[in-house]
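Read through the structure below, which is laid out as structure tokens, and then see the notes.
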Amino acid sequence: MSFQAPKGTFDWLPPRSEWALLVRDALSAPARRAGYGYIETPAFEDTALFSRGVGESTDIVTKEMYTFESRGGQSLTLRPEGTASVVRAVIEHGLYGGALPIKLWYSGSYFRYERAQAGRYRHFSQVGAEALGAEDPALDAELIVLAADGYASLGLKNVRLLLNSLGCKECRPAYRAALQDFLRGLDLDETTRQRIEINPLRVLDDKRPEVRAQLVGAPLVTDHLCGACKAYHEEVRGLLGAAGVAYTDDPRLVRGLDYYTRTTFEFVHDGLGAQSAVGGGGRYDGLSEMIGGPPLPSVGWALGVDRTVLAMEAEGLITERAGHVDVFAIPLGEEARRRIFPLVSELRRAGLAVDMAFGGRGVKGAMKAADRSGARYALILGERDLEAGAVQVKDLTTADQTAVPLAEVVEVLKGKLS
RNA sequence: GUGGGUGUAGCUCAGCUGGCAGAGCGCCAGGUUGUGGUCCUGGAUGUCGUGGGUUCAAGUCCCAUCACUCACCCCA
């Protein structure tokens with residue numbers, strides 16, 4: 001019997017896994033500095049939260065959810081995205097009764113039942129941030145700037161920001177109707193024709209060349225925005241410019257979740273294969289009410305951790321990192337191992353990163369291991385040293401070696417490494 | 001759901017019109033009775049994805065099947 005990770009999933013292994021941790025940290029750091037508090041919600045929720053929140057017409061809900069029945073007969077679903085859960089938690093705990101906006105960030109695993117391909121997995125990882133309860137273009141701009149700063153802090157140069165406005169419940173219906181009129185006149189396959197009736201904006205997203213060619217003259221949302229939406233969008237654009245964040249207006253940008261209104265954006269990168277979005281988000285003014293909460297105009301984003309690592313690889317930012325211990329201890333013989341083990345523990349308690357040779361290997365093999373560990377110093381303890389009450393401290397970069405009394409090793413190494 | 005590609009050592013892969021299972025890297029050991037990163041020597045690891053067929057003979061040809069992968073669809 002042998003096992004392998006389920007289709008569409010993968011394991012993060014060292015040393016590459018270090019970058020996943022680093023990316024998670026770097027993408028969330030700007031939000032933490034901007035007053036966003038940490039929220040952690042369950043990995044599964046009531047199925048209806050997603051079908052009503054994300055939208056019955058979306059692909060996510062119609063064919064990509066991991067839905068199962070609990071022993072009590074309740075329908076539960078592994079979360080396919082984070083926003084619905086956060087809004088649910090805010091409503092459930094009445095957080096909207098306090099100071100607004102409520103600013104939250106989170107990080108975790110998400111699940112969508114899709115055919116895997118480069119950059120697209122059934123289990124993936126996102127960092128998210130949401131600001132709930134305020135309708136202020138500065139809040140939209142803040143979130144976008146925070147995400148852009150996160151990517152920039154990782155050294156990414158080729159992340160582009162696409163920006164659009166999808167209008168609101170006042171102006172979207174008219175646009176939707178105009179778009180449907182246009183699309184119905186095109187030569188399209190059956191599934192796409194169905195999409196025109198259910199979710200016409202999504203058709204603008206089609207990548208097939210024969211479809212793209214026909215979409216050239218399609219009506220654009222930006223030409224159908226009401227006065228309020230137009231003004232709001234202009235304000236967001238102005239603030240982004242003022243903060244020095246470059247963006248491209250993309251009137252074709254639509255997103256796969258139904259709850260978006262007004263500001264929508266996507267961060268894209270060309271080095272990921274067919275998947276180009278490394279992050280995205282937007283405003284969702286009606287979501288709270290859709291799932292039974294009070295009016296709570298909000299905006300947020302989710303950034304893909306796995307995809308960001310792929311983007312960094314594409315830009316050559318992922319380099320082999322040297323090992324991460326400072327000291328590597330080598331006992332020669334059992335007596336030496338018994339003596340060096342507590343010394344290793346003591347060094348670690350003193351704040352040094354320390355590893356040691358296990359498995360009773362010879363000096364040569366142990367030295368090889370010390371070299372691979374990336375340690376600056378090797379500690380060698382053998383019979384002769386035990387008799388002398390000292391340990392050999394070898395600087396692996398210069399090959400200088402000196403005997404240091406056992407009682408003084410901790411202080412000496414702390415001094416050398418500070 | 002649809003279409004393409006690939007399955008051979010831990011990893012990356014070579015293996016021609018069928019004829020003894022290979023290389024590089026990595027790993028382990030020795031060269032150095034207690035010293036790494038270079039060098040030299042040696043060693044271990046294989047159900048050639050799986051099942052069937054053709055053949056004196058199959059990693060190689062045929063059929064089926066599974067897995068992985070890329071792309072469409074969709075999205076982080």
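Note that the structure is predicted; figures quoted are calculated from it, not measured. Residue numbers begin at 1 in each chain, while the letters A, B, ... track the order of the sequences.
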Check the orientation of [X] and [Y]. Use parallel for under 30°, tilted for 30 to 60°, and perpendicular for over 60°.
X	Y	answer
Y38(A)	W105(A)	tilted
Y66(A)	F111(A)	perpendicular
Y110(A)	F124(A)	tilted

Ignoring backbone atoms, establish whether [X] has a side-chain N or O less than 4.0 Å from OP1 or OP2 of [N].
X	N	result
K368(A)	G37(B)	yes
R195(A)	C74(B)	yes
K7(A)	C68(B)	yes
R120(A)	C73(B)	no
Q117(A)	A71(B)	yes

Paired with U55(B): which nucleotide, if any, by Watson-Crick or G-U wobble criteria at under 3.5 Å for both distances?
-> none
G22(B) -> Watson-Crick or G-U wobble partner, both distances under 3.5 Å, gives C13(B)
Nearest to the side chain of [X], heavy atoms from C-beta on, is which of [options]?
X	options	result
K364(A)	G36(B), C73(B), C70(B)	G36(B)
D371(A)	C74(B), G37(B), U35(B)	G37(B)
A277(A)	A76(B), A71(B), U35(B)	A76(B)
R112(A)	A76(B), G3(B), G36(B)	A76(B)

Whole-Å distance separating the [atom1] atom of [X] from the [atom2] atom of [N]:
X	N	atom1	atom2	answer
Q392(A)	U35(B)	CD	P	12 Å
D189(A)	C72(B)	CG	C1'	11 Å
F124(A)	C74(B)	CZ	C1'	12 Å
I60(A)	C73(B)	CD1	C1'	14 Å
K394(A)	U35(B)	NZ	P	9 Å
Q4(A)	G7(B)	CD	C1'	12 Å
Q275(A)	C73(B)	CD	C1'	10 Å

At under 4.0 Å between heavy atoms, what does [X] touch on the DNA or RNA strands: base, sugar-phosphate, or nothing?
X	answer
G382(A)	base
A378(A)	nothing
G119(A)	base
Y110(A)	nothing
D205(A)	sugar-phosphate
A274(A)	sugar-phosphate
Q401(A)	base

Establish, yes or no, whether a centroid distance under 6.0 Å links the rings of F265(A) and Y247(A).
-> no
Side-chain-base donor-acceptor pair under 3.5 Å for R372(A) and G37(B) = no
Roughly how far apart, to the nearest Å, are [N] and [M] at atom [atom1]?
N	M	atom1	value
G59(B)	G46(B)	C1'	12 Å
U6(B)	A44(B)	P	33 Å
C63(B)	G18(B)	P	16 Å

Passes side-chain hydrogen bond (donor to acceptor under 3.5 Å, both in side chains), Q214(A) versus D187(A)? Steps please.
-> CA-CA 8 Å; Q214(A) 296 188 72; D187(A) 175 29; 5.1 Å; no
Which residue, D206(A) or D395(A), contacts RNA chain B at a nucleotide closer to its 5' end, judged by nearest heavy atom?
-> D395(A)
Specify the residue among G365(A) and R115(A) whose closest nucleotide of RNA chain B lies further upstream toward the 5′ end.
-> R115(A)
Looking at R24(A) and S107(A), what are the two nearest heavy atoms and their distance?
-> NH1-OG, 2.7 Å
Would S85(A) and R79(A) count as having a side-chain donor-acceptor pair, cut-off 3.5 Å?
-> no
